[in-house]
Amino acid sequence: MAEKDLTKKKKAPLIRISKRANANKWQSVGIYVGAIVFALLIGALLIASVGVNPISFYTKMLTVGTLGNRFAYKNIENLIIVFVPLLLTSLGLSLSFKMRFWNIGGEGQFIVGAITSAAIAIAMDGALSPVLMIILMALGGGLAAGIYGLFTAVLKVKFGTNETLMTLMLNYIALYLLKYFQTRHGTDFFLNPNSERPIFNLIPENSWMINIGIGKFSLNISLIIALLFTVFIYIYLNKTKHGYEICVVGDSKRTAQYAGMNVGKVILRTMFFSAFIIGMASAFHVSSSHTLSETITNDVGWTGIVVAWLARLNPIGVLIASLLISVLQFGCTQACATYTAIDSNIADLLQGIILFVVLASDFFIRYKVNIDLSYFKRKNTPAPVLAAATAGEEANPSSTDGTEAVVVNEVSDGATAERVESEVSPAVATEEISETVDSDDTASEPAVETLGQESSLDVNNAENAEDNADKDLPPVSEIIGAPVPDSAEIKSEIKDETAENAAPETQTAPAIKKRATTAKKPASKKADDKTKASSAKKTTAKKSDKSSSTSEKTKKTAAKTSTKTTVKSATTKKSTKNAKEGK
C-alpha cells in the first residue's frame, strides 16, 4: 500500500493565490472602480425589486440631488457638514493606526469633544467674538477628547492593556453620558427650557461656524481648516522627526528601542494628538449644526476606520476616500427622500454593500488569483521524482538511492582491507578515501621504523652480552664436573622458562581505523580510486609482514638470553657446592 501511495502524483490545486510583486497604481484604481461598479449592480437589483428605476436613483445619488434642484447650493453646504467631520476623524485614526495602536474609540472621543465644546459655547454665552469662540471650542473639544484617548494609552504603556477593548468600551461610556445629559433627571444645562420634552438647546449664535458668502452659496470655513490639516498631517508624517518615530514604532517597537527612541513617550504623544484631532472635528460639527444630539456622530468613528484603511493610512488617500463616502451617504439620503417607495434602510443596505465590496477589492490589489483550467484533464501519473527513484533502484538494487558506498574496515596485525557495499547516504567523494589512507599510512610508518630500531638494538645488546660471558667463564665441563645435558633437555627447559618469564610480544603499530565514506563520482574516477586503494592495501600488508618478522627475531634473542642465564645459574650452584665439600 505504501509503495502504491508513493507512485500517485499529487494534483496541483484548481485555485492558487499568489502575492503581487508590485501592484501598479492604475491597476489598483481599476480594481477599486470595478468593485464600485459591481456593488452598484447589486444595488440596482435591490432598487429594481421595489419598482424604482435604478438609473434615475443613481443619478440623484451621485449628483447629491443638485441636478434640476433650485436649492442645489444648500445640498452642497450640507454635504460639507457631513464631509469635514469624516475627513478629520479619519486623519486622526490614521495617525494611531500608523503606530499600530488600534484606536477603535473614535465614536467616544468624538462625543466627549462635542459635549465639551457645547458646554464652552453655552457657558460663554456670547462673551467672545465668533472667531475666538470657534478657536476656544476647538481647543476645548480637542483637549477633552485628547485626555480621553490618552487614558487608554497610559494603561497600554504602564500595564500592557489591550487598547482595542479599552477604546471600544469607552465609546459606550461616552454615549450613555450624552444620554444622561439629555434627561431632566440629570441637569438642565444642555436642555431647552421652553420645550416640554427634554431636547438639547441651541448654542449661542456667536459660536456658530463662520461662512464665507459666494453668491447664494455659503462656504463653511471648517472645510478650509480641514484641508489645511490634511496637508499638515502629510508633512508631519513624512517630513518631521515625530512622524518618522511613529513609522518606526509601527514597524517594530524593538527596532525603535534599539535606535534610542522612547517608545512609551511616542505612544502617549501620538494617541493624544490622534484623539485631539477627533475632538476638534466634533467641535466644528457642533458649531456647524448648532446643537447636540444623540446621533451627532453620524457613525464617523466607525466609518473613519473604513476610510483610513481604504486610503492605506495615506492623508491624501484619506481625503479622496472621505469625499466618496460622504457623497455616497448624503446622496443616498437625498435620493431616498425623492422616491417614497425606497425606505432609508435600503439606503443603509446599499452603503454597506458598497463599503464591503470596496474593502474586499483591497485583497485583489495585494494578491492574484490563478485558476488552472487543466485541473480536470489531468491523469494520475507517477510523479517525475518517484519515477527517477524507481529507475535508480532497478539500476542498482543494492542501494535505495542509486549510490555505492565504500567502507574500509579496521586494519591491524597484517589484516587486509575489505571493500563492502552498504546503504549509506552520499557524503564525500573517493578522493577523500585515498587521502585518508595515504595520511594514515604515512602516520604509521614512523612507528614501525622505530619498533624495528628498538628490536635491532636489543639483539645487538644480547649478542654483546653473550660474547662477554663466553670470554670470562671457563669451559662448562670444568665448572660443572659432570657431563653437559642433552640438547633436547635444554630445549624443553628453555620452552618452559620462556613461557613463564618471557616478556609480552611487542605490539605492532596502532590499528588503523577508517571511517565509512561514500563514493558518488563519475566512472572515470572510480578506477583511479580502486588503484589507490589496492596500493594502500599492499603497503599495509608489507608493513605488517615486517613487524611480524621483527617480533620473531625478538623471540629468538629472548630465548638465547634465557638459555645463557640458566647455564650461568647452574654453574654458580655447582661451584658453591664444591667449595663447601673442600672445606
Side chain to side chain contact (heavy atoms under 4.5 Å, CB included) between T270 and F101, intermediate numbers included: CA-CA 9 Å; T270 306; F101 189 94; over 6 Å; no
Stepwise side-chain hydrogen bond (donor to acceptor under 3.5 Å, both in side chains) test for T152 and E163: CA-CA 6 Å; T152 59; E163 69 275 11; over 6 Å; no
Candidate pair S96 and W102, rule side chain to side chain contact (heavy atoms under 4.5 Å, CB included), full reasoning: CA-CA 7 Å; S96 58; W102 310 118; over 6 Å; no
Pair V357-I36, side chain to side chain contact (heavy atoms under 4.5 Å, CB included): steps then yes or no: CA-CA 7 Å; V357 173; I36 293 173; over 6 Å; no
Chi angles and distances behind the side chain to side chain contact (heavy atoms under 4.5 Å, CB included) call for V157, L268: CA-CA 8 Å; V157 172; L268 296 175; 4.2 Å; yes
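Contact between P198 and L191 at its shortest, heavy atoms only, is CB-CD1, 4.1 Å. Across all non-hydrogen atoms, the minimal contact from T167 to I104 is OG1-N, 3.2 Å. Looking at every heavy atom in both residues, I120 comes nearest to M133 through O-CE, 4.1 Å. In terms of heavy-atom proximity, A145 sits nearest to A275 at O-CB, 3.1 Å. L95 and F273 get closest at one heavy-atom pair: CD1-CD2, 3.6 Å. Minimum heavy-atom separation, A174 to V112: CB-CG2, 3.9 Å.
C332 places a side-chain heavy atom less than 4.5 Å from the side chain of L328. By the 4.5 Å heavy-atom criterion applied to side chains, F97 and I305 are counted as neighbours. Counting heavy atoms from C-beta on, the side chains of V84 and I225 never come closer than 4.5 Å. Looking only at side-chain heavy atoms (C-beta outward), L87 and V318 come within less than 4.5 Å of each other. A 4.5 Å side-chain heavy-atom check between W302 and N171 finds at least one atom pair inside the cut-off. Annotation: side chain of L237 is not in contact with side chain of N314 (no heavy-atom distance under 4.5 Å). In this structure, K253 and I267 have side chains that are in contact, with non-hydrogen atoms separated by less than 4.5 Å. F190 has its side chain out of reach of Q182: every pair of non-hydrogen atoms, C-beta onward, lies at least 4.5 Å apart.
Within 6.0 Å of OH in Y236 there are more than 12 heavy atoms belonging to other residues, nucleotides or ligands. For F363, the CZ atom counts as densely surrounded, since its 6.0 Å shell holds more than 12 non-hydrogen atoms of other residues, nucleotides or ligands. Atom CG of L228 sits in a crowded spot, with more than 12 heavy atoms from other residues, nucleotides or ligands closer than 6.0 Å. By the 6.0 Å contact criterion, OH on Y244 is open, its count of non-hydrogen atoms from other residues, nucleotides or ligands being 12 or less. More than 12 heavy atoms of other residues, nucleotides or ligands lie within 6.0 Å of OH in Y58, so this atom counts as buried by the packing criterion. With a 6.0 Å radius and a threshold of 12 heavy atoms from other residues, nucleotides or ligands, F151 has its CZ atom at or below the threshold. When the shell of 6.0 Å around CZ of F217 is examined, it contains more than 12 heavy atoms from other residues, nucleotides or ligands.
Put simply, the side chain of T89 gets close to the backbone of P85: a donor and an acceptor are under 3.5 Å apart. Under the 3.5 Å distance criterion, the side-chain polar atoms of S195 are left unmatched by any main-chain donor or acceptor of N192. S361 places no side-chain N or O within 3.5 Å of a backbone atom of I31 that could act as its donor or acceptor partner. Checking side-chain atoms of T116 against main-chain N and O of G113 turns up no donor-acceptor pair under 3.5 Å. No donor-acceptor pair under 3.5 Å is formed between the side chain of S287 and the backbone N or O of F284. Panel note: side chain S293, backbone I296; a donor-acceptor pair is recorded below 3.5 Å. The backbone N or O of Q329 sits less than 3.5 Å from a side-chain atom of T333, completing a donor-acceptor pair. Looking only at distances, a side-chain donor or acceptor of S282 sits under 3.5 Å from a matching main-chain atom of A114. A donor-acceptor pair under 3.5 Å is formed between the side chain of T240 and the backbone N or O of G243. Between the side chain of E77 and the backbone N or O of S218 there is at least one donor-acceptor pair closer than 3.5 Å.
Rounding to the nearest 0.5 Å places CD of Q109 at 13.0 Å from CZ of F276. The distance from the CD atom of Q257 to the OG atom of S252 is 8.5 Å, given to the nearest 0.5 Å. Going from atom CD1 of I17 over to atom CZ of R366 covers 14.5 Å, rounded to the nearest 0.5 Å. Atom NE2 of residue H242 and atom CD1 of residue I246 lie 8.5 Å apart, to the nearest 0.5 angstrom. Taken to the nearest 0.5 Å, the CD1 atom of I277 stands 5.5 Å off from the CZ atom of F229. The line from CG of N298 to OG of S289 is 10.5 Å long, rounded to the nearest 0.5 Å.
Only one option out of V266, N103, V154 pairs with M271 in a side-chain contact (heavy atoms from CB on, under 4.5 Å); it is N103.
Ion pairing between E245 and K265 fails under the 4.0 Å rule for side-chain N and carboxylate O.
Taking the six-membered ring where the residue is Trp, H285 and F110 present tilted rings, their angle falling between 30° and 60°.
N206 and S129 share no side-chain donor-acceptor pair at under 3.5 Å. Side-chain polar atoms of S18 and N370 form a donor-acceptor pair below 3.5 angstrom.
Ring centroid separation for the pair F181 and F200 does not come in under the 6.0 Å cut-off.
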